[in-house]
Number of protein chains: 2
Amino acid sequence: MKRHVLLYGLIGGILIAVLKWTEYRFLVIEHSIEIYGGLIAATFAVLGIWLGLKLTNRQERVVIKEVPVPTGGSFVPNDTKREALGITPREQEILELISQGLSNREIAGKLFVSENTVKTHSSRVFDKLGAKRRTQAVQLGKAFGLLP
Amino acid sequence: MKRHVLLYGLIGGILIAVLKWTEYRFLVIEHSIEIYGGLIAATFAVLGIWLGLKLTNRQERVVIKEVPVPTGGSFVPNDTKREALGITPREQEILELISQGLSNREIAGKLFVSENTVKTHSSRVFDKLGAKRRTQAVQLGKAFGLLP
DNA sequence: AGCAAAATCACCCAAAAGAATGACGACAAC
DNA sequence: GTTGTCGTCATTCTTTTGGGTGATTTTGCT
């Protein structure tokens with residue numbers, strides 16, 4: 001920061017000196033308007049370029065962003081693995097609702113069946129997955145690729 | 001691209017015209033060297049700045065590289081969100097074991113504490129997450145980024 | 001030393017979940 | 001027409017879970 005201020009001052013001083021000197025030359029030698037203009041032009045062009053660089057240099061940054069892209073994109077609910085485990089579509093459906101944190105009663109309500117039915121389905125799914133609890137069923141369901 | 005070329009031409013033309021006009025004024029009115037110089041200076045300064053910006057912009061390209069990192073790889077268990085929810089480390093630990101499908105008894109055995117203790121911890125965690133069931137707690141835990 | 005948060009444990013009660021068994025209708029396959 | 005699978009539902013019983021309350025210990029911080 002301090003260096004910058006100093007530099008600006010210095011350049012300003014030099015510029016003024018140059019101009020003064022040039023003007024003097026101009027007055028003495030009566031034909032160098034072009035030189036005069038050219039000098040000023042060149043000086044300010046350089047100054048401008050330098051300034052522009054200075055201004056933009058501050059934000060010159062290459063950002064490499066590591067975005068945790070949701071792998072698999074959409075997740076294809078995988079009939080193949082489901083059938084390999086002998087799990088019926090209905091059972092899979094119940095398993096998904098379980099994984100969403102619903103109770104048996106809520107699932108029953110959502111599917112318009114009795115709570116007992118949900119219990120049998122879930123029991124069978126647990127059996128086929130080798131799970132003893134619904135949380136375990138969810139865990140295994142994901143491990144088998146049945147759930148997202 | 002075409003627009004840029006056009007712009008350059010236009011600015012060039014205008015510049016020449018302005019200079020011509022200024023020179024003319026200079027010849028007619030015999031005392032305006034300063035104005036002449038100032039104009040040139042200003043023009044070239046602006047041009048220089050603009051040029052500088054243009055030049056640096058070419059190589060300044062902010063590259064946002066999106067690296068699809070498989071989400072399972074890292075996952076930092078996120079102390080920030082945990083504390084934001086007022087969940088203690090121990091509670092988080094129990095939550096993780098729940099999400100792995102363990103029963104309260106199994107968790108108790110694994111952590112060498114009583115089943116009652118596990119129950120209190122889990123109850124508190126459910127409360128803080130707003131969950132009524134452990135499956136729901138798991139679901140919410142994932143939604144909050146507390147679980148992988 | 002003294003406070004506050006965290007962790008520990010107990011007891012009781014209610015609700016939810018799970019296991020076991022049996023049963024019935026629809027439907028497709030043989 | 002028999003067989004088998006699937007989905008449906010009930011009943012009974014045990015286990016698990018969750019709610020509520022209170023108490024003690026550990027630990028970190030002032």
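Everything numeric in this text was worked out from a predicted model, so none of it was measured. Letters A, B, ... mirror the listed sequences (proteins, then strands); counts begin at 1.
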> Ser123(B) or Phe112(A): which one's nearest nucleotide on DNA chain D is closer to the 5' end?
Replying inline: Phe112(A)
State which of [options] makes the closest approach to the side chain of [X].
X         : options                   : answer
Thr120(A) : dG7(D), dT21(C), dC9(C)   : dT21(C)
Thr88(A)  : dG7(D), dA7(C), dG18(D)   : dG7(D)
Ser103(B) : dA17(C), dT17(D), dG7(D)  : dT17(D)
Ser114(B) : dG18(C), dA23(C), dC9(C)  : dC9(C)
Arg90(B)  : dG18(D), dA7(C), dG7(D)   : dA7(C)
Asn116(B) : dA10(C), dT17(D), dA19(C) : dA10(C)

For [X] and [N], what is the distance between atoms [atom1] and [atom2] respectively, to the nearest whole Å?
X         : N       : atom1 : atom2 : answer
Lys119(A) : dT16(D) : NZ    : P     : 15 Å
Ile94(B)  : dC9(C)  : CD1   : P     : 11 Å
Leu111(A) : dC9(D)  : CG    : C1'   : 15 Å
Gln136(A) : dA17(C) : CD    : P     : 16 Å
Arg133(A) : dG18(D) : CZ    : C1'   : 16 Å
Arg105(A) : dA14(C) : CZ    : P     : 16 Å
Arg124(A) : dA20(C) : CZ    : P     : 13 Å
Glu115(A) : dA17(C) : CD    : P     : 7 Å

Checking all strands, does [X] fall into the base, sugar-phosphate, or nothing category for heavy-atom contacts under 4.0 angstrom?
X         : value
Asn104(A) : sugar-phosphate
Thr117(A) : base
Lys132(B) : sugar-phosphate
Ser122(B) : nothing

>> Regarding Glu106(A) and Arg133(B), does a basic nitrogen lie under 4.0 Å from an acidic carboxylate oxygen?
In response: yes
>> With a 4.0 Å cut-off on N to O distance, would you call Asp79(A) and Arg82(A) a salt bridge?
In response: yes
> Taking side chain as C-beta onward, heavy atoms only, is Arg134(A) less than 4.5 Å from Asn104(A)?
Replying inline: yes
>> Contact between Leu146(A) and Glu91(A) at the side-chain level, heavy atoms closer than 4.5 Å - yes or no?
In response: no
>> Between Glu96(A) and Gln100(A), do the side chains contain a donor N or O and an acceptor N or O under 3.5 Å apart?
In response: no
> Under 4.0 Å between a side-chain N/O of His121(A) and OP1 or OP2 of dT8(D), yes or no?
Replying inline: yes
